Chemist: 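Here it is, the structure in full.
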Amino acid sequence: MIDFNNSKNAFGDKSDFDLNRAFFLFQTLNYPTISKFLTVILKVILSLRIPIDFLIKLTIFKQFCGGETISDSRKTIDKLWKSSIGTILDYSAEGQENEDDFKNVFDETLKVLDIAKDNPKIPFVVFKLTGLIKFNILKKLSKKQELNEKENATLIRFNKRLDIICKKAKKINKPIFIDAEESWIQNGIDSIVFSLMKQFNKEKVLIFNTVQMYRHDRLSYLMDLSQIAQKEDFKIGLKIVRGAYHQKEIERALEKGYKIPVHEKKSNTDKDFNNALKFCIENINHISICSGTHNIESSMYLLKLMQEKLIKNNDDRIYSSQLLGMSDNISYNLSNENYNVSKYVPYGPVKKVIPYLIRRAEENRSISGQMGRELKNILEEKRRRKAS
Ligand SMILES: Cc1cc2nc3c(=O)[nH]c(=O)nc-3n(C[C@H](O)[C@H](O)[C@H](O)COP(=O)(O)OP(=O)(O)OC[C@H]3O[C@@H](n4cnc5c(N)ncnc54)[C@H](O)[C@@H]3O)c2cc1C
C-alpha cells in the first residue's frame with residue numbers, strides 16, 4: 001500500500017524557500033482569528049479595488065495559483081509534469097455577470113483547448129457554467145421558470161458557445177470537467193451537462209459532470225443517471241467531490257426555511273463519498289471518474305477498490321485530482337506509483353482570482369484537520385531535510 005506520509009516524494013520538487021513560504025502561509029491560516037482577518041482583508045481589497053496585487057501575488061496567490069495567464073503558468077505545468085502529474089488549467093474568474101466577461105471566459109477556454117491539443121501535460125479542460133452564463137438564468141432553469149426574451153437570447157448565445165467548446169474538445173480528444181456549484185443552480189447545470197453527455201459520450205467519455213457528496217441526494221442521483229445512461233446507451237463521466245459550499249448551503253436553507261440539502265455530519269459526507277467511489281468502480285465499464293479529494297482515507301479506499309477489481313494503476317478511466325498547493329503528499333505519492341494524477345491549477349488576474357483564494361482560506365479554516373494535515377506534512381519534510 002502507498003505511504004501517503006512519504007514527505008520526500010511529496011515535496012521533492014520544492015526548494016527550502018518554497019517549503020518555508022508554504023509553512024508560513026499554512027501556519028497563518030491555521031490561526032482562526034488571523035485567517036478570518038485575512039479573509040476580510042481580501043474581501044475589502046476586492047470591493048474597494050485596492051492595488052496591493054503584488055503582496056497577494058507573493059503569498060497566497062503563489063501558493064495556490066499558476067500565474068495570471070496561461071503562459072505564466074507554464075513553469076508550474078512543466079514542474080508538475082516532471083513528476084508525471086497533469087495540469088487542469090482553471091481560469092478562475094468567478095462571479096461573472098456581463099456579456100464581456102462571458103465572452104472572455106469562452107475565449108480563454110478555447111485558448112486552453114489550443115494548448116491542450118496533443119499535450120499530455122494537460123489531460124482535461126475545466127470550467128464553471130457560471131463563467132459562461134448568468135447565475136440567475138441557471139437559477140431560473142433550475143426551478144423550471146420561464147425565461148424572458150432577453151434571457152432567452154443569452155441562453156441561445158451560451159448554448160452556441162458551449163457547443164463550440166465541446167466540438168473543439170471532441171476534435172482534439174480532450175475531456176471536459178464541468179464544476180458543480182450551489183445547489184439552487186445545480187439542477188440547471190445537471191440538465192445541461194446531461195444533454196452534453198448524451199450527445200458527446202457515445203463511444204468514450206468526453207464530458208464529466210461533478211457530484212458533491214455532501215448533498216443528501218447525490219448517491220441516488222448518480223445511480224439513476226447510471227441506469228438512464230445504460231438504457232440510452234451513452235457513457236458517464238463524473239468528478240466526485242465532497243462539496244465546497246457547505247456553510248453557504250446551510251445558511252441559505254435556514255434563512256429561506258427549506259430542508260438543508262447537505263449532510264450536517266462530516267461522517268455522512270465521508271460515507272457517501274466512499275459509496276460513490278464504490279458504485280462507480282463497480283460500474284467502471286460505463287462510468288469514468290475523477291476522485292477530487294484531499295482526504296487520505298478516501299484516496300486509500302479508491303486504491304483498495306481498484307485492487308479488488310484487478311484494475312491497473314494507470315487505467316485511463318480513473319483519475320485522482322487535488323488542488324495546486326494542497327495535499328502534495330497524495331498527488332506525488334500516487335503519481336510515483338503510476339496512478340493517473342492531475343492538479344487543478346487556477347490562473348487569472350489577481351483580482352479575479354480573489355474569490356477562489358477566499359474560498360481556500362475559508363475552507364482551510366473550516367475543515368477540521370485540513371490545515372493540520374498540510375502543516376504536519378510540511379513540518380515532517382522540514383525535519384527530514386534537517387536530519388539528512
Ligand atoms: C480536483 C478538485 C476539484 C473540485 N471541484 C469542485 C467542484 O466542482 N465543486 C465543488 O463544490 N467543490 C469542488 N472541489 C472542492 C471539494 O468539494 C472540497 O471542498 C475539498 O476538496 C475538501 O474536501 P476533501 O474531499 O478534500 O476532504 P475533507 O477535507 O476530508 O472534507 C472536507 C469537506 O467535507 C465536507 N464537510 C465539512 N464539514 C462537514 C459537516 N459538518 N457535515 C457534512 N460535511 C462536511 C465539506 O464538503 C468539506 O469541504 C474540488 C476539489 C478538488 C480537489
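All values derive from a computational prediction rather than experimental measurement. What you see below is based on every heavy atom in this structure, not just the backbone, and it leaves out hydrogens, waters and symmetry mates.
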Chemist: So how far is it from Lys204 NZ to Lys170 NZ, rounded to the nearest 0.5 Å?
Modeler: 9.5 Å
Chemist: In plain terms, say whether Lys82 and Asp78 are close enough for a salt bridge, that is, a side-chain N and a carboxylate O under 4.0 Å apart.
Modeler: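 Salt bridge: no.
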Chemist: Just checking, is any N or O donor in the side chain of Lys382 or Asn20 under 3.5 Å from an acceptor N or O on the other one?
Modeler: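 Side chains of Lys382 and Asn20: pair found under 3.5 Å.
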Chemist: Does the side chain of Lys352 come within less than 4.5 Å of Asp101's, by heavy atoms?
Modeler: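 Answer yes - side chains close enough.
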Chemist: Drop me the distance from Trp184's CH2 to Glu182's CD, to the nearest 0.5 angstrom.
Modeler: 5.0 Å
Chemist: Holding to side chain to side chain contact (heavy atoms under 4.5 Å, CB included), I want the full list of residues that pass it with Lys117, two or more places apart in sequence or in another chain.
Modeler: Ile172
Chemist: For Asn338 and Asn313, run side-chain hydrogen bond (donor to acceptor under 3.5 Å, both in side chains): C-alpha distance rounded to whole Å, both residues' side-chain angles, the deciding distance at 0.1 Å, then the answer.
Modeler: CA-CA 6 Å; Asn338 209 25; Asn313 295 11; over 6 Å; no
Chemist: When you measure from the side chain of Glu232 to the backbone N and O of Ala229, does any donor-acceptor pair fall under 3.5 Å?
Modeler: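 Between the backbone of Ala229 and the side chain of Glu232 there is no qualifying donor-acceptor contact (under 3.5 Å).
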Chemist: Rounded to the nearest 0.5 Å, what separates atom NE2 in His216 from atom OG1 in Thr269?
Modeler: 9.0 Å
Chemist: Say whether, by atom type as modelled, one donor and one acceptor occur between the side chain of Asn104 and the main chain of Asp100 under 3.5 angstrom.
Modeler: no
Chemist: Indicate if Ile207 and Leu110 have the same hydrophobic cluster label, given that clusters are the connected sets of ILVMFWY residues with side-chain heavy-atom separations under 4.5 angstrom.
Modeler: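 As far as the 4.5 Å side-chain criterion goes, Leu110 and Ile207 are connected within one cluster.
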Chemist: Have Glu181 and Thr130 got a donor and an acceptor in their side chains that come within less than 3.5 Å?
Modeler: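 Result is yes, a qualifying pair exists.
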Chemist: Can you measure from CZ (Phe273) to CG (Leu302) and round to the nearest 0.5 angstrom?
Modeler: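 One finds 8.0 Å between CZ of Phe273 and CG of Leu302.
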Chemist: With a 4.5 Å cut-off on side-chain heavy atoms, are Thr210 and Ile178 touching?
Modeler: no
Chemist: Which pair of heavy atoms, one from Arg385 and one from Ser15, lies closest together, and at what distance?
Modeler: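 Taking every non-hydrogen atom into account, NH1-C, 3.5 Å.
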Chemist: Is Ile287 close to Ile281 at the side-chain level, that is, under 4.5 Å between some pair of heavy atoms?
Modeler: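 A side-chain contact is absent here, since even the closest heavy-atom pair is not under 4.5 Å.
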Chemist: Any ring pair (Phe, Tyr, Trp, His ring centres under 6.0 Å) involving residues 224-250? Give me the pairs, sequence neighbours left out, ordered by first then second residue.
Modeler: Phe194-Phe234, Tyr214-His246
Chemist: Could you walk me through whether Ser226 and Gln230 satisfy the side chain to side chain contact (heavy atoms under 4.5 Å, CB included) test, starting with their C-alpha distance in whole Å, then the side-chain angles of each, then the deciding distance to 0.1 Å, before giving a yes or no?
Modeler: CA-CA 6 Å; Ser226 167; Gln230 278 182 296; 4.0 Å; yes
Chemist: Using side chain to side chain contact (heavy atoms under 4.5 Å, CB included), reason through Met223 and Ser220 one step at a time and then give a plain yes or no.
Modeler: CA-CA 5 Å; Met223 287 173 186; Ser220 54; 5.5 Å; no
Chemist: Answer yes or no: is there a donor N or O on one side and an acceptor on the other, between the side chain of Ser321 and the main chain of Ser342, under 3.5 Å?
Modeler: yes
Chemist: Just by distance, with hydrogens left out, do Glu381 and Ser7 show a side-chain donor and acceptor under 3.5 Å apart?
Modeler: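 Their side chains do contain a donor-acceptor pair, which is all the 3.5 Å distance test asks for.
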Chemist: In a check of ring pair (Phe, Tyr, Trp, His ring centres under 6.0 Å) between Tyr91 and each of Phe106, Tyr356, Tyr347, which one passes?
Modeler: Tyr347
Chemist: Side chains of Ser298 and Arg242: do they bring a donor and an acceptor to under 3.5 Å?
Modeler: yes
Chemist: Test the Arg161-Phe158 pair against the cation-pi criterion, namely NZ or CZ under 6.0 angstrom from the six-membered ring centroid and within 45° of the ring axis.
Modeler: no
Chemist: Hey, is the main chain of Ile137 close enough, under 3.5 Å, to the side chain of Glu151 for a donor-acceptor pair?
Modeler: no
Chemist: Within the 4.5 Å heavy-atom criterion, are Leu132 and Leu162 side-chain neighbours or not?
Modeler: yes
Chemist: Do Asn314 and Asn340 get their side chains close enough for a donor-acceptor pair, meaning under 3.5 Å?
Modeler: no
Chemist: Starting at NE2 of His263, measure out to CZ of Arg218 and round the result to the nearest 0.5 Å.
Modeler: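 Atom-to-atom, His263:NE2 and Arg218:CZ are 11.0 Å apart.
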Chemist: Counting neighbours of NZ on Lys312 that are heavy atoms of other residues, nucleotides or ligands and sit closer than 6.0 Å, is the number greater than 12?
Modeler: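 Yes - once you tally the heavy atoms of other residues, nucleotides and ligands closer than 6.0 Å, there are more than 12.
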Chemist: Would a distance-only check, ignoring hydrogens and angles, find a side-chain to backbone donor-acceptor pair under 3.5 Å from Ser195 to Ser191?
Modeler: yes
Chemist: Do the non-hydrogen side-chain atoms of Arg157 and Phe102 ever get within less than 4.5 Å of each other?
Modeler: no
Chemist: Check step by step if salt bridge (Lys or Arg N to Asp or Glu O under 4.0 Å) holds for Lys343 and Asp90.
Modeler: CA-CA 10 Å; Lys343 287 269 201 197; Asp90 178 17; over 6 Å; no
Chemist: Output yes when a side-chain donor or acceptor of Ser335 lies under 3.5 Å from a complementary backbone atom of Ser83, and no otherwise.
Modeler: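 Present.
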Chemist: Hey, does Arg74 have a side-chain heavy atom less than 4.5 Å from the side chain of Ile115?
Modeler: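 Side chain of Ile115 against side chain of Arg74, heavy atoms only: contact under 4.5 Å found.
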Chemist: How far apart are the C-alpha atoms of Leu303 and Leu334, what are their side-chain angles, what is the distance that settles it, and do they pass the side chain to side chain contact (heavy atoms under 4.5 Å, CB included) test?
Modeler: CA-CA 10 Å; Leu303 307 190; Leu334 279 177; 3.8 Å; yes
Chemist: Measure from the side-chain N and O atoms of Thr69 to the backbone N and O of Asp72, and report whether any donor-acceptor pair falls under 3.5 Å.
Modeler: yes
Chemist: Applying ring-ring contact (aromatic ring centres under 6.0 Å, His included), name anything that partners Phe124, two or more places apart in sequence or on another chain.
Modeler: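 Once residues adjacent in sequence are excluded, the partners of Phe124 under the ring-ring contact (aromatic ring centres under 6.0 Å, His included) criterion are Phe177, Phe208, Tyr319.
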Chemist: Does Lys202 NZ have over 12 foreign heavy atoms under 6.0 Å away?
Modeler: yes
Chemist: For Asn329 and Arg373, test the side chains for any donor-to-acceptor distance below 3.5 angstrom and give the result as yes or no.
Modeler: no
Chemist: Is a side-chain donor-acceptor pair under 3.5 Å present for Asp190 with Asn209?
Modeler: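 Short answer, yes.
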Chemist: Can you see whether Lys174 engages Asn119 through a side-chain donor-acceptor pair at a distance of less than 3.5 angstrom?
Modeler: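 No, Asn119 and Lys174 have no side-chain donor paired with an acceptor closer than 3.5 Å.
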Chemist: Can you find a heavy atom in the side chain of Gln63 that is under 4.5 Å from one in the side chain of Ile60?
Modeler: no
Chemist: Taking everything shown except Lys62 itself, do over 12 heavy atoms lie less than 6.0 Å from its NZ?
Modeler: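 No.
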Chemist: Does Tyr258 OH have over 12 foreign heavy atoms under 6.0 Å away?
Modeler: yes
Chemist: Do Ile176 and Phe127 have side chains that get closer than 4.5 Å, going by heavy atoms?
Modeler: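 Side chain of Ile176 against side chain of Phe127, heavy atoms only: contact under 4.5 Å found.
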Chemist: Let me see the working for Leu238 and Cys290 under side chain to side chain contact (heavy atoms under 4.5 Å, CB included), right down to the final yes or no.
Modeler: CA-CA 6 Å; Leu238 287 176; Cys290 171; over 6 Å; no
Chemist: Quick one: CD on Glu374 to CG on Leu379, what's the gap to the nearest 0.5 Å?
Modeler: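 Between atom CD of Glu374 and atom CG of Leu379 there are 12.0 Å.
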Chemist: Will you find, in the side chains of Ser327 and Gln322, an N or O donor that is under 3.5 Å from an N or O acceptor?
Modeler: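 Absent: no donor and acceptor within the cut-off.
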Chemist: Treating Ile, Leu, Val, Met, Phe, Trp and Tyr as nodes and any side-chain heavy-atom pair under 4.5 angstrom as an edge, say whether Ile185 and Leu147 lie in one connected cluster.
Modeler: yes
Chemist: Can you check salt bridge (Lys or Arg N to Asp or Glu O under 4.0 Å) on Lys111 and Glu108, steps first, answer last?
Modeler: CA-CA 5 Å; Lys111 272 193 227 160; Glu108 205 58 43; 3.4 Å; yes
Chemist: Look at the side chain of Ser142 and the backbone N and O of Gly188, then say whether any donor-acceptor pair between them is shorter than 3.5 Å.
Modeler: yes
Chemist: For a quick check under 3.5 Å, do Tyr301 and Asn295 share a side-chain donor-acceptor pair by atom type?
Modeler: no
Chemist: Assess, by modelled atom type and distance only, whether the side chains of Tyr221 and Arg215 contain a donor and an acceptor separated by less than 3.5 Å.
Modeler: no
Chemist: Please check if atom CD in Glu146 has more than 12 non-hydrogen atoms from other residues, nucleotides or ligands closer than 6.0 Å.
Modeler: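 No, the 6.0 Å shell around CD holds no more than 12 heavy atoms from other groups.
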